[in-house]
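Count residues from 1 along the sequence. In this text the structure is predicted, and so the values were computed from the model without any measurement.
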Amino acid sequence: MTSTVAAGVDGSVVGVDAHSPEEEVLAFAFREAALQGARVRAVHGWDLPPLFGYAGGAVPAGEIAQLEALEAKLLSLALAGQRERHPEVEVVEDVRLGAARGLVETSAGAALVVVGRRRRPIEFGPRLGRVAHAALHHAEAPVAVVPHG
(Lines give C-alpha, C1' and ligand atoms only; values in the text may rest on other atoms or scores of the structure.)
Protein backbone atom coordinates (compact mmCIF):
# COMPACT_ATOMS: atom_id res chain seq x y z
CA MET A 1 0.00 0.00 0.00
CA THR A 2 1.26 3.47 -0.86
CA SER A 3 0.10 6.47 1.13
CA THR A 4 1.34 10.06 1.05
CA VAL A 5 -0.11 11.24 4.39
CA ALA A 6 -0.49 9.68 7.83
CA ALA A 7 -3.78 7.94 8.58
CA GLY A 8 -6.70 10.00 9.89
CA VAL A 9 -10.29 10.84 9.14
CA ASP A 10 -10.91 11.28 5.44
CA GLY A 11 -13.64 13.42 3.92
CA SER A 12 -14.24 11.51 0.73
CA VAL A 13 -12.84 8.12 -0.11
CA VAL A 14 -13.06 7.68 -3.86
CA GLY A 15 -12.57 4.50 -5.82
CA VAL A 16 -10.37 5.20 -8.84
CA ASP A 17 -9.77 2.98 -11.84
CA ALA A 18 -6.39 4.47 -12.70
CA HIS A 19 -6.43 2.73 -16.09
CA SER A 20 -9.57 4.60 -17.17
CA PRO A 21 -10.34 7.32 -14.61
CA GLU A 22 -13.71 9.02 -14.78
CA GLU A 23 -13.62 12.79 -14.28
CA GLU A 24 -17.26 12.95 -13.10
CA VAL A 25 -16.50 10.63 -10.19
CA LEU A 26 -13.26 12.37 -9.22
CA ALA A 27 -14.83 15.83 -9.53
CA PHE A 28 -17.69 14.83 -7.22
CA ALA A 29 -15.31 13.49 -4.56
CA PHE A 30 -13.05 16.55 -4.72
CA ARG A 31 -16.01 18.99 -4.58
CA GLU A 32 -17.42 17.23 -1.52
CA ALA A 33 -14.06 17.26 0.23
CA ALA A 34 -13.57 20.94 -0.61
CA LEU A 35 -17.01 21.80 0.81
CA GLN A 36 -16.21 19.95 4.03
CA GLY A 37 -12.65 21.24 4.31
CA ALA A 38 -11.52 17.62 4.36
CA ARG A 39 -9.14 15.48 2.38
CA VAL A 40 -9.70 12.95 -0.36
CA ARG A 41 -8.36 9.42 -0.11
CA ALA A 42 -8.09 8.11 -3.66
CA VAL A 43 -8.10 4.32 -3.56
CA HIS A 44 -6.91 2.44 -6.62
CA GLY A 45 -7.33 -1.29 -6.23
CA TRP A 46 -5.58 -3.45 -8.77
CA ASP A 47 -5.36 -7.13 -9.51
CA LEU A 48 -2.48 -9.25 -10.70
CA PRO A 49 -2.41 -9.71 -14.47
CA PRO A 50 -4.02 -13.00 -15.57
CA LEU A 51 -0.60 -14.32 -16.57
CA PHE A 52 0.26 -14.84 -12.90
CA GLY A 53 -2.86 -16.93 -12.33
CA TYR A 54 -1.96 -19.20 -15.22
CA ALA A 55 1.59 -19.69 -13.96
CA GLY A 56 0.24 -21.53 -10.91
CA GLY A 57 3.04 -20.46 -8.59
CA ALA A 58 3.90 -17.70 -6.20
CA VAL A 59 4.56 -14.30 -7.69
CA PRO A 60 8.07 -13.00 -6.95
CA ALA A 61 7.94 -10.09 -4.49
CA GLY A 62 10.08 -7.94 -6.77
CA GLU A 63 7.54 -8.23 -9.55
CA ILE A 64 4.67 -7.27 -7.26
CA ALA A 65 6.63 -4.21 -6.12
CA GLN A 66 7.26 -3.19 -9.74
CA LEU A 67 3.59 -3.61 -10.63
CA GLU A 68 2.51 -1.64 -7.56
CA ALA A 69 4.90 1.21 -8.48
CA LEU A 70 3.39 1.32 -11.96
CA GLU A 71 -0.15 1.38 -10.54
CA ALA A 72 0.84 4.19 -8.12
CA LYS A 73 2.19 6.24 -11.02
CA LEU A 74 -1.06 5.71 -12.96
CA LEU A 75 -3.07 6.86 -9.94
CA SER A 76 -1.00 10.04 -9.62
CA LEU A 77 -1.58 10.81 -13.30
CA ALA A 78 -5.31 10.17 -12.94
CA LEU A 79 -5.56 12.66 -10.05
CA ALA A 80 -3.45 15.43 -11.60
CA GLY A 81 -6.36 17.39 -13.11
CA GLN A 82 -8.45 17.46 -9.93
CA ARG A 83 -5.41 18.32 -7.83
CA GLU A 84 -4.82 21.30 -10.08
CA ARG A 85 -8.47 22.41 -9.88
CA HIS A 86 -8.63 21.90 -6.09
CA PRO A 87 -5.24 22.82 -4.62
CA GLU A 88 -6.91 23.35 -1.22
CA VAL A 89 -7.82 19.66 -0.95
CA GLU A 90 -5.26 17.37 0.63
CA VAL A 91 -4.98 14.09 -1.25
CA VAL A 92 -3.93 10.68 0.01
CA GLU A 93 -3.03 8.24 -2.74
CA ASP A 94 -3.74 4.67 -1.73
CA VAL A 95 -2.80 1.76 -3.98
CA ARG A 96 -3.95 -1.70 -2.91
CA LEU A 97 -4.10 -5.19 -4.29
CA GLY A 98 -7.83 -5.94 -4.68
CA ALA A 99 -10.24 -3.21 -5.78
CA ALA A 100 -13.43 -3.93 -3.85
CA ARG A 101 -11.72 -5.07 -0.66
CA GLY A 102 -9.43 -2.02 -0.59
CA LEU A 103 -12.31 0.41 -0.94
CA VAL A 104 -14.36 -1.26 1.80
CA GLU A 105 -11.35 -1.37 4.14
CA THR A 106 -10.71 2.36 3.80
CA SER A 107 -14.35 3.28 4.37
CA ALA A 108 -14.09 2.97 8.16
CA GLY A 109 -12.75 6.48 8.77
CA ALA A 110 -14.55 8.22 5.93
CA ALA A 111 -17.40 10.68 5.87
CA LEU A 112 -18.36 9.52 2.36
CA VAL A 113 -17.38 6.80 -0.09
CA VAL A 114 -17.65 7.75 -3.77
CA VAL A 115 -17.87 5.13 -6.50
CA GLY A 116 -18.76 5.27 -10.15
CA ARG A 117 -21.40 3.48 -12.17
CA ARG A 118 -21.19 3.28 -15.94
CA ARG A 119 -24.29 4.31 -17.84
CA ARG A 120 -25.39 1.32 -19.88
CA PRO A 121 -26.98 1.63 -23.31
CA ILE A 122 -29.32 -1.32 -22.65
CA GLU A 123 -32.08 -1.56 -20.08
CA PHE A 124 -31.42 -5.08 -18.78
CA GLY A 125 -28.49 -6.72 -17.02
CA PRO A 126 -26.56 -5.66 -13.96
CA ARG A 127 -26.65 -1.97 -13.16
CA LEU A 128 -23.63 -1.95 -10.84
CA GLY A 129 -20.14 -3.31 -11.17
CA ARG A 130 -18.53 -5.45 -8.48
CA VAL A 131 -16.75 -2.55 -6.74
CA ALA A 132 -19.85 -0.35 -6.45
CA HIS A 133 -21.87 -3.36 -5.32
CA ALA A 134 -19.33 -4.21 -2.61
CA ALA A 135 -19.20 -0.59 -1.43
CA LEU A 136 -22.98 -0.34 -1.14
CA HIS A 137 -23.23 -3.56 0.84
CA HIS A 138 -20.11 -3.44 3.00
CA ALA A 139 -18.80 0.14 3.38
CA GLU A 140 -18.84 1.61 6.88
CA ALA A 141 -19.73 5.10 5.60
CA PRO A 142 -22.44 6.56 3.37
CA VAL A 143 -21.90 5.76 -0.31
CA ALA A 144 -22.47 8.08 -3.26
CA VAL A 145 -22.82 6.37 -6.62
CA VAL A 146 -21.94 8.73 -9.47
CA PRO A 147 -23.09 7.75 -12.96
CA HIS A 148 -20.58 8.34 -15.73
CA GLY A 149 -19.74 7.55 -19.33
Side-chain angles (χ1 to χ4, degrees), residues 1-50 52-53 58-120 125-149:
M1 175 180 78
T2 303
S3 182
T4 58
V5 181
V9 176
D10 296 309
S12 298
V13 171
V14 60
V16 182
D17 178 354
H19 294 270
S20 59
E22 292 296 335
E23 281 302 311
E24 296 98 328
V25 178
L26 293 173
F28 183 90
F30 273 79
R31 277 193 314 270
E32 287 299 310
L35 287 171
Q36 300 300 320
R39 69 182 179 186
V40 167
R41 177 176 296 272
V43 179
H44 169 56
W46 61 283
D47 295 313
L48 289 172
F52 291 108
V59 180
E63 290 191 39
I64 289 179
Q66 287 178 340
L67 289 168
E68 185 174 52
L70 174 63
E71 298 295 333
K73 185 176 278 192
L74 290 171
L75 178 58
S76 289
L77 289 171
L79 297 172
Q82 290 301 322
R83 277 190 149 146
E84 190 174 306
R85 283 188 276 291
H86 296 279
E88 75 283 8
V89 175
E90 180 183 3
V91 180
V92 176
E93 295 182 10
D94 196 337
V95 177
R96 296 169 178 250
L97 193 56
R101 185 182 70 224
L103 195 59
V104 170
E105 287 173 355
T106 57
S107 70
L112 180 67
V113 176
V114 181
V115 294
R117 178 188 68 81
R118 284 185 177 81
R119 290 186 179 100
R120 307 224 186 251
R127 297 267 179 189
L128 293 176
R130 64 184 177 91
V131 174
H133 187 266
L136 282 170
H137 287 279
H138 302 289
E140 296 182 34
V143 177
V145 180
V146 179
H148 62 83

Candidates [options] - the one meeting side-chain contact (heavy atoms from CB on, under 4.5 Å) with [X]:
{"X": "L75", "options": "D94, D17, V95", "answer": "V95"}
{"X": "V40", "options": "V89, L26, V16", "answer": "V89"}
{"X": "V13", "options": "T106, L112, V143", "answer": "T106"}

Exercise: identify the closest heavy-atom pair between [X] and [Y]:
{"X": "A78", "Y": "E23", "answer": "O-OE2, 4.2 Å"}
{"X": "A34", "Y": "H86", "answer": "CB-ND1, 4.2 Å"}
{"X": "V25", "Y": "G15", "answer": "CG1-O, 4.3 Å"}
{"X": "R41", "Y": "R39", "answer": "NH2-NH2, 3.8 Å"}
{"X": "A99", "Y": "D47", "answer": "N-OD1, 4.3 Å"}
{"X": "S12", "Y": "E32", "answer": "OG-CB, 3.7 Å"}

message = How about CD on E84, more than 12 heavy atoms from neighbouring residues, nucleotides or ligands closer than 6.0 Å, or not?
response = no

query = Are more than 12 heavy atoms from other residues, nucleotides or ligands located less than 6.0 Å from atom NE2 of H133?
reply = no

message = One pair to check against side chain to side chain contact (heavy atoms under 4.5 Å, CB included): H44 and H19. What are the steps and the verdict?
response = CA-CA 9 Å; H44 169 56; H19 294 270; 4.0 Å; yes

key: Evaluation steps, side chain to side chain contact (heavy atoms under 4.5 Å, CB included), between R83 and V91   = CA-CA 8 Å; R83 277 190 149 146; V91 180; 3.2 Å; yes

message = Is it the case that the side chain of S107 and the backbone of A139 share a donor-acceptor pair, with hydrogens and angles ignored and the cut-off at 3.5 Å?
response = no

request  = Assess whether side chain to side chain contact (heavy atoms under 4.5 Å, CB included) is satisfied between L79 and F30, documenting all intermediate values.
outcome  = CA-CA 10 Å; L79 297 172; F30 273 79; 4.2 Å; yes

task = Could you list the residues that satisfy salt bridge (Lys or Arg N to Asp or Glu O under 4.0 Å) with R31, not counting sequence neighbours?
result = none

query = Yes or no on side chain to side chain contact (heavy atoms under 4.5 Å, CB included) for R118 and H148, after CA distance, side-chain angles and deciding distance?
reply = CA-CA 5 Å; R118 284 185 177 81; H148 62 83; 3.2 Å; yes

